Amino acid sequence: MAAGIAILVLLAFVALFLSSSSGRALYSEDEGLIVGQFLQYAMPLVGGTIIASIIALGLAAPVAIGVALFISHFAPPRASRSIGYVIDLLAAIPSVVYGAWGMSFLAPAMVPIYRWLHENLGWFPLFAGNPSGTGRTILTAGIVLAVMILPIITSVSREIFIQTPKLHEEAALALGATRWEMIKMAVFPFARAGIISGIMLGLGRALGETMAVALVLSGGALTASLISTGNQTIPAEIALNFPEAGPGSERQAQLIAIGLVLFIITLVVNMIARWIVSRNKEFSGAN
């Protein structure tokens, strides 16, 4: 009970600090409320953060679920242990290493791909605009984030798949189902809530990632194009500008206020995740 209360108190102090320290970004003695000005600054950063996170989830979630399914139901025991160890090892790599890899290796390798996308799919807004000559775009940052959140989603999904009751699987097989039909009938319904939990954990990691995005992304104005220079995320914006902001300055208050926005977004995402998980548990094989 004491540990649980301590966590709530710590969370309350974080929220209180962010709220009290961001006041100068929302109110000026000369102009009064300046919420509109702050929103003009914050909304492009929120958009960039969401875009990068969606790209990361879209790339990582299907691969992670497939890898977890292969490890738990298809691979031989020795191979599954080796693959599981390698996947877990990815989670131990520091984010700055991912950022350095994305900046020095992945970004230059993506330049020809961006040119091809622009030449063949330039009519589509996501691939419009001049392709980046360095490859340091929001799409590259999303790919790096996808690699970073892959171990989290894989680990959670694998553990849930393994916990599927053997009687359910054997009953499906005894009725004449193939292995894939058994997975659809017995494994996925049981693991639905766990899969959603793993995906939401990965989303939380993608939303708050700082160093990798700061190294990979060449920030700029918000744009719909994924292959052009531009966009920025909230954590990268704070990391790149906070050291230069003077203590107690309006710029520091602005950065703390945008941190408060990220705090609220993360809280809302977790609340939605909890609601989805609790709703799906009623229909899962766990009950």
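Remember, predicted model here, so these are calculated numbers, not experimental data.
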Has the side chain of [X] got a donor or acceptor atom that lies under 3.5 Å from a matching backbone atom of [Y]?
| X | Y | answer |
| --- | --- | --- |
| Ser20 | Phe17 | yes |
| Ser53 | Thr49 | yes |
| Thr154 | Pro151 | no |
| Ser22 | Ser19 | yes |
| Thr140 | Gly135 | yes |
| His118 | Asn130 | no |
| Thr229 | Ser132 | no |
| Arg158 | Ile65 | no |
| Arg136 | Val216 | yes |
| Arg274 | Val269 | no |

| request: I would like to know whether Ile195 and Ile160 meet side chain to side chain contact (heavy atoms under 4.5 Å, CB included); could you show each step before the answer? | output: CA-CA 8 Å; Ile195 293 173; Ile160 297 298; 5.7 Å; no
| task | Consider only side-chain N and O atoms of Ser228 and Tyr114, and report whether a donor and an acceptor are under 3.5 Å apart. | result | no
| message | Under a plain distance cut-off of 3.5 Å, with no hydrogens placed, do Thr223 and Ser225 share a side-chain donor-acceptor pair? | response | no
| said: Using salt bridge (charged side-chain N to carboxylate O under 4.0 Å, His left out), reason through Glu119 and Arg115 one step at a time and then give a plain yes or no. | reply: CA-CA 6 Å; Glu119 292 173 358; Arg115 291 174 181 166; over 6 Å; no
Taking the side chain as C-beta and beyond, is there a heavy-atom pair between [X] and [Y] under 4.5 Å?
| X | Y | value |
| --- | --- | --- |
| Arg251 | Phe242 | no |
| Gln232 | Leu240 | yes |
| Leu260 | Ile256 | no |
| Val213 | Tyr98 | no |
| Ile149 | Leu57 | yes |
| Thr134 | Val111 | no |
| Lys184 | Trp180 | yes |
| Glu209 | Pro235 | no |

Spacing of [atom1] belonging to [X] relative to [atom2] belonging to [Y], to within rounding of 0.5 Å:
| X | Y | atom1 | atom2 | value |
| --- | --- | --- | --- | --- |
| Phe124 | Ile227 | CZ | CD1 | 11.5 Å |
| Leu262 | Leu18 | CG | CG | 9.5 Å |
| Ile83 | Ile71 | CD1 | CD1 | 5.5 Å |
| Ile196 | Ile199 | CD1 | CD1 | 7.0 Å |
| Thr178 | Glu181 | OG1 | CD | 3.5 Å |
| Leu145 | Thr233 | CG | OG1 | 8.0 Å |

| task | Go through the steps to decide whether Ile183 and Leu69 satisfy the test side chain to side chain contact (heavy atoms under 4.5 Å, CB included), and finish with yes or no. | result | CA-CA 9 Å; Ile183 289 172; Leu69 197 60; 3.9 Å; yes
| query | Parallel, tilted or perpendicular: which fits the ring planes of Phe161 and Phe188, with parallel below 30° and perpendicular above 60°? | reply | tilted
| Parallel, tilted or perpendicular: which describes the rings of Phe70 and Phe74, with under 30° parallel and over 60° perpendicular? | parallel
| message | Set out, in order, the CA-CA distance, both residues' side-chain angles and the distance that settles side chain to side chain contact (heavy atoms under 4.5 Å, CB included) for Leu201 and Val156, then state yes or no. | response | CA-CA 9 Å; Leu201 283 174; Val156 175; 4.0 Å; yes
| field | Criterion salt bridge (charged side-chain N to carboxylate O under 4.0 Å, His left out) on Lys166 and Glu169, from CA distance to verdict | value | CA-CA 5 Å; Lys166 293 299 179 183; Glu169 298 180 0; 3.8 Å; yes
| Please walk me through it: do Phe263 and Leu11 pass side chain to side chain contact (heavy atoms under 4.5 Å, CB included)? | CA-CA 10 Å; Phe263 179 83; Leu11 186 64; 3.6 Å; yes
